[in-house]
Amino acid sequence: MWRDWVELINKIWETDPAAYSRLEIVLFYPGFHALVLHSIAHQLWQRNIKLPASLIAFFARVFTGVEIHPGAKIGRRVFIDHGMGVVVGETSVVGDDALIYQGVTIGAVAAGHMGASTRNKKRHPTIGKGVIIGSGASILGNIDIGDGCRVAAGAIVLENIPANSIVVGPPARVISKKSD
Ligand SMILES: CC(C)(COP(=O)(O)OP(=O)(O)OC[C@H]1O[C@@H](n2cnc3c(N)ncnc32)[C@H](O)[C@@H]1OP(=O)(O)O)[C@@H](O)C(=O)NCCC(=O)NCCS
């Protein structure tokens with residue numbers, strides 16, 4: 001776990017030109033705090049120690065403004081910049097090196113209507129490696145966002161997106177795709 005946290009500090013240092021020291025990142029970056037707490041909550045969740053896991057997730061949300069369900073699988077070096085208002089649902093998977101800005105929702109579609117019948121089913125997105133998700137974007141449902149995609153600020157994405165696409169919206173549309 002320590003190695004992952006050090007990797008994340010280095011990743012933030014390399015990514016964010018506004019950072020002036022690694023100590024600042026450790027002390028004052030809510031996205032860093034949220035992911036450190038999530039890594040602890042997720043380990044407890046995997047061991048079926050669910051109430052303490054939820055308590056840590058709750059504390060993380062109050063403390064950072066970032067709500068990550070303890071069941072969500074978050075890859076290495078995922079940087080949540082600013083963080084406030086980010087929501088990541090239970091069955092989400094976020095690939096290594098993703099960059100997520102404030103206000104992003106990685107959630108289920110029409111969760112209120114599906115109810116308990118979808119409990120324990122995959123209902124949240126799988127985000128590929130190195131994906132950038134702009135501020136306020138919503139990615140909803142059990143869909144795949146391919147490696148290297150860029151999701152524009154404010155986009156609402158409801159369908160699979162092939163790797164290396166740039167997607168803007170709403171309605172979300174792919175405006176460019178690099179060949180793989
Ligand atoms: C999607 C994004 C990655 C594209 O960046 P880019 O590759 O440099 O592309 P461009 O800026 O050249 O824009 C390409 C086209 O998409 C459009 N576009 C870009 N961002 C858009 C957005 N958020 N919503 C709708 N359309 C958008 C542009 O108007 C342009 O359209 P055109 O070809 O008709 O002129 C970028 O615009 C973006 O949204 N980044 C997220 C940034 C962010 O959230 N920052 C928060 C910092 S706190």
- Heavy-atom donor-acceptor pair, Asp144 side chain to Gly146 backbone, under 3.5 Å: no
- If you draw a 6.0 Å radius around CD in Glu159, do more than 12 non-hydrogen atoms from other residues or ligands fall strictly inside? no
- Query: Quick one: does His69's side chain have a donor or acceptor within less than 3.5 Å of a partner on Gly71's backbone?
  - Reply: yes
- Message: Is there a continuous path of hydrophobic side-chain contacts, each under 4.5 Å between heavy atoms, that joins Ile127 to Val168?
- Response: no
- Is it true that Lys129 and Asp147 have a side-chain N and a carboxylate O under 4.0 angstrom from each other? no
- How long is the span from the CD1 atom in Ile40 to the CG atom in Leu35, to the nearest 0.5 Å? 11.5 Å
- Query: Are the charged groups of Arg77 and Asp97 less than 4.0 angstrom apart, N to O?
  - Reply: yes
- List in chain and number order the residues that pass ring-ring contact (aromatic ring centres under 6.0 Å, His included) with Trp13, two or more places apart in sequence or in another chain; answer none if no residue qualifies. none
- Task: Would you indicate whether the side-chain heavy atoms of Leu44 and Ile56 approach each other to under 4.5 Å?
- Result: yes
- Message: Is the shortest side-chain heavy-atom distance between Pro70 and His42 below 4.5 Å?
- Response: no
- Message: Checking side-chain polar atoms at under 3.5 Å, does His124 have a donor or acceptor matched by the opposite partner on Ser92?
- Response: no
- Around Leu51, counting heavy atoms of other residues, nucleotides and ligands shown, do more than 12 lie under 6.0 Å from its CG? no
- Message: Here's a test for you: under side chain to side chain contact (heavy atoms under 4.5 Å, CB included), which of Val87, Val94, Val157, Leu140 qualifies with Ile106?
- Response: Val94
- Query: Is there a side-chain contact between Phe79 and Asp16, using heavy atoms and a 4.5 Å cut-off?
  - Reply: yes
- Item | Arg123 CZ to Thr91 OG1 distance, which is reported to the nearest 0.5 Å | 5.0 Å
- Going only through I, L, V, M, F, W and Y residues with side-chain contacts under 4.5 Å, is there a path from Ile161 to Val93? no
- Message: Tell me if a side-chain donor or acceptor on Glu7 pairs with a main-chain N or O of Arg3 at a distance below 3.5 Å.
- Response: no
- From His33 atom NE2 to Phe59 atom CZ, the distance as rounded to the nearest 0.5 Å: 10.0 Å
- Message: Minimum heavy-atom separation for Val151 and Ala155, please, with both atom names.
- Response: CG1-CB, 3.8 Å
- Message: Working to the nearest 0.5 angstrom, can you tell me the gap between Ile156 CD1 and Thr105 OG1?
- Response: 9.5 Å
- Looking only at heavy atoms, which two atoms of Ala34 and Ile68 are closest? And how far apart? O-CD1, 4.4 Å
- Message: Side-chain heavy atoms nearer than 4.5 Å, only ILVMFWY residues, links allowed to pass through others: does that put Val66 and Val26 together?
- Response: yes
- Item | Whether over 12 other heavy atoms sit under 6.0 Å from Lys73 NZ | no
- Connected hydrophobic set around Val6, excluding itself, where side chains approach under 4.5 Å: none
- Measure the CZ-CG distance between Arg150 and Asn164 for me, rounded to the nearest 0.5 Å. 9.5 Å
- Message: Same cluster or not: Tyr101 versus Val131, using hydrophobic residues (I, L, V, M, F, W, Y) connected whenever any side-chain heavy atoms lie under 4.5 Å apart?
- Response: yes
- Does Thr126 reach the side chain of Ile143, with side-chain heavy atoms less than 4.5 Å apart? no
- Here the gap from Arg22 atom CZ to Ile12 atom CD1, rounded to the nearest 0.5 Å, amounts to 10.5 Å
- Mind listing the closest non-hydrogen atom pair of Asn142 and Lys122 along with its distance? OD1-CG, 3.3 Å
- Taking the side chain from Lys11 and the backbone from Val78, do they hold a donor-acceptor pair closer than 3.5 Å? no
- Would you say Ile166 and Ile133 are hydrophobically clustered, going by side-chain heavy atoms of ILVMFWY under 4.5 Å? no
- Query: Which pair of heavy atoms, one from Ala41 and one from Ala53, lies closest together, and at what distance?
  - Reply: O-CB, 3.3 Å
- Query: Is there a side chain to side chain donor-acceptor pair (under 3.5 Å) between Trp5 and Ser39 once you walk through the steps?
  - Reply: CA-CA 9 Å; Trp5 298 349; Ser39 61; 3.1 Å; yes
- Minimum-distance pair of heavy atoms, taken over all atoms of Ile74 and Val88: CD1-CG1, 4.2 Å
- Quick one: closest heavy-atom pair of Pro30 and Thr64, and the distance? O-CG2, 3.6 Å
- Task: Measure from the side-chain N and O atoms of His38 to the backbone N and O of Ala72, and report whether any donor-acceptor pair falls under 3.5 Å.
- Result: yes
- Query: Do the side-chain N and O atoms of Asp81 and Tyr29 include a donor-acceptor pair separated by under 3.5 angstrom?
  - Reply: no
